[in-house]
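Structure, as structure tokens:
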Amino acid sequence: MDFPYRLEDQTVMPGGLRRWAIPLVLLGVVVAYQQGPALWARMFATDLSYTALDDPAGFVVLDREGVAITSGAAVFAGLDAPEPMFEGDICTALFDGRTPRIAYFYDRNCPVCRRQEAVFEALGLSVVDHPVALLGAGSAVAARALIAAEAQGGVEALRARLMRSPVVVDDGAVRQMAEVAGLDADRLVADMGSARVERALEENHLLFNRFGFIGTPAIVVEGIVALGFVDEATLSAMMTSGREGVAPCGE
């Protein structure tokens with residue numbers, strides 16, 4: 001019987017190479033994990049374009065169809081009682097001296113924000129939280145709880161539970177979630193009513209207004225501003241662009 005191919009025609013991995021196959025694959029996984037967003041950006045390059053903001057100076061807006069941001073001043077121009085805007089050190093307020101410089105504005109009741117946080121998790125990114133209260137009383141309770149959790153180093157743990165829970169958020173729900181997250185629930189609830197938390201929430205809204213945001217999620221990566229959901233490839237490209245030159249807050 002004639003066979004359509006011979007064994008010698010087939011490619012067979014040499015024995016020595018077979019022994020190294022698994023270690024080489026594991027090495028590739030480790031390199032990919034360490035390189036993170038930079039590697040993702042090189043593998044899935046996304047050409048991005050930006051438009052400069054007049055205010056705050058030095059920042060640019062990611063150009064995307066159907067999404068427009070000019071500046072906070074322009075958004076509220078002509079109103080009898082324009083919204084107040086942040087006037088202090090924007091870089092410190094946005095990033096709090098942390099790296100990578102990713103500021104994240106979100107509302108607990110924003111369903112798209114849950115998708116955005118999955119992107120952060122997929123890329124292994126830590127962000128500077130700026131919770132805001134745009135969508136009702138529950139949003140305000142959640143925002144205060146998240147700001148209060150900063151004093152215990154528990155923002156990410158509490159955010160994960162608040163964003164994934166379907167329950168209506170009130171002080172009782174916050175207390176239960178704080179306990180599950182390993183926080184001091186009594187301290188958290190007490191801190192939620194403090195002047196510090198109130199000032200921080202107000203500052204988040206002032207920053208939100210300064211950039212002319214009209215909804216969440218909203219992200220500032222280095223000096224690049226984006227309103228709405230940002231996928232993995234785009235976020236990685238934004239980080240690369242920011243490091244390479246769009247960095248009004250310094251290198």
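For this chain, numbers begin at 1 and follow the sequence in order. As the structure is a prediction and not an experimental result, all values here were calculated from the model.
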- Note on the structure: Closest non-hydrogen atoms of A103 and L94, given as atom of the first, atom of the second and distance, are CB-O, 3.7 Å
- Message: Determine whether a donor-acceptor pair (N or O, by modelled atom type, separation under 3.5 Å) exists between the side chain of D89 and the backbone of C91.
- Response: yes
- Task: Show the numbers, then the answer: is there a side chain to side chain contact (heavy atoms under 4.5 Å, CB included) between L207 and F213?
- Result: CA-CA 9 Å; L207 280 168; F213 293 138; over 6 Å; no
- Are R159 and E150 ion-paired here, with the side-chain N under 4.0 Å from a carboxylate O? no
- Message: Hydrophobic cluster membership, with links at side-chain heavy-atom distances under 4.5 Å among I/L/V/M/F/W/Y: are V112 and I219 in one?
- Response: yes
- Query: When rounded to the nearest 0.5 angstrom, what is the spacing between CG in D63 and CG in L48?
  - Reply: 9.0 Å
- Is it possible for you to say whether M239 and V127 belong to one hydrophobic cluster, with membership spreading through side-chain heavy-atom contacts below 4.5 Å? yes
- Task: Answer yes if the ring centres of Y104 and F120 are under 6.0 angstrom apart, and no otherwise.
- Result: yes
- Work out which heavy atom in S126 is nearest to a heavy atom in R98; give both atom names and the distance. OG-NH2, 3.3 Å
- Message: Suppose we call two aromatic rings close when their centres sit under 6.0 Å apart. Are F211 and F59 close by that rule?
- Response: yes
- Message: Looking at every heavy atom in both G215 and L227, which two are closest together, and how far apart are they?
- Response: O-CD1, 3.2 Å
- Message: Using a 3.5 Å distance criterion without hydrogens, assess whether the side chain of S165 forms a donor-acceptor pair with backbone atoms of R161.
- Response: no
- Query: Will you find, in the side chains of S194 and D191, an N or O donor that is under 3.5 Å from an N or O acceptor?
  - Reply: no
- Message: Hydrophobic cluster membership, with links at side-chain heavy-atom distances under 4.5 Å among I/L/V/M/F/W/Y: are L53 and F208 in one?
- Response: yes
- Item | Euclidean distance, M163 CE relative to D107 CG, rounded to 0.5 Å | 7.5 Å
- Message: Can you give me the closest heavy-atom contact between Y106 and E117, atom names plus distance?
- Response: CD1-OE2, 4.1 Å
- Message: Between L134 and T216, is the side chain to side chain contact (heavy atoms under 4.5 Å, CB included) condition met? List the steps.
- Response: CA-CA 9 Å; L134 307 177; T216 55; 3.9 Å; yes
- With no hydrogens and no angle check, is any side-chain donor or acceptor of R210 less than 3.5 Å from a backbone partner on M85? no
- Message: Under 4.5 Å between side-chain heavy atoms, counting indirect links through other Ile/Leu/Val/Met/Phe/Trp/Tyr residues: same cluster for I147 and V169 or not?
- Response: no
- Message: Run D171 and M192 through side chain to side chain contact (heavy atoms under 4.5 Å, CB included) and show every step you take.
- Response: CA-CA 9 Å; D171 287 355; M192 286 169 60; 3.6 Å; yes
- Message: Are F86 and V132 connected into the same hydrophobic cluster when the rule is that any two of I, L, V, M, F, W, Y join if their side-chain heavy atoms are below 4.5 Å apart?
- Response: yes
- Query: Is the closest side-chain heavy-atom distance between L235 and L125 below 4.5 Å?
  - Reply: yes
- Q116 side chain to V230 backbone, donor-acceptor under 3.5 Å: yes
- Check against side chain to side chain contact (heavy atoms under 4.5 Å, CB included), V128 and H130: CA-CA 7 Å; V128 182; H130 292 283; 3.8 Å; yes
- Task: Determine whether V246 and E222 make a side-chain contact, defined as any pair of heavy atoms from C-beta on separated by less than 4.5 Å.
- Result: no
- Quick one: closest heavy-atom pair of A145 and L188, and the distance? O-CD1, 3.5 Å
- Message: Whether the side chain of R187 engages the backbone of Q152 through a donor-acceptor N/O pair (distance < 3.5 Å, no angle test) should be reported.
- Response: no
- Query: Does the pair R144 and E202 meet the rule for a salt bridge (charged side-chain N to carboxylate O under 4.0 Å, His left out), with working shown?
  - Reply: CA-CA 10 Å; R144 287 185 172 85; E202 180 182 10; over 6 Å; no
- Message: Checking the side chain of H205 only, and the main-chain atoms of A133 only, is there a donor and an acceptor separated by less than 3.5 Å?
- Response: yes
- CG of L206 to CG of L201, rounded to nearest 0.5 Å, is 9.5 Å
- Find out whether I102 and V220 are in side-chain contact, i.e. whether some heavy atom of one side chain is under 4.5 Å from a heavy atom of the other. no
- Task: Search all heavy atoms of M238 against all heavy atoms of V221 and return the closest pair with its distance.
- Result: CE-CG2, 3.8 Å
- Will you find, in the side chains of N109 and S139, an N or O donor that is under 3.5 Å from an N or O acceptor? yes
- Query: Rounded to the nearest 0.5 Å, what separation is found between the OG atom of S241 and the CD1 atom of I224?
  - Reply: 5.0 Å
- Message: Could you measure the distance from the OG1 atom of T234 to the CG atom of L62? Nearest 0.5 Å is fine.
- Response: 7.0 Å
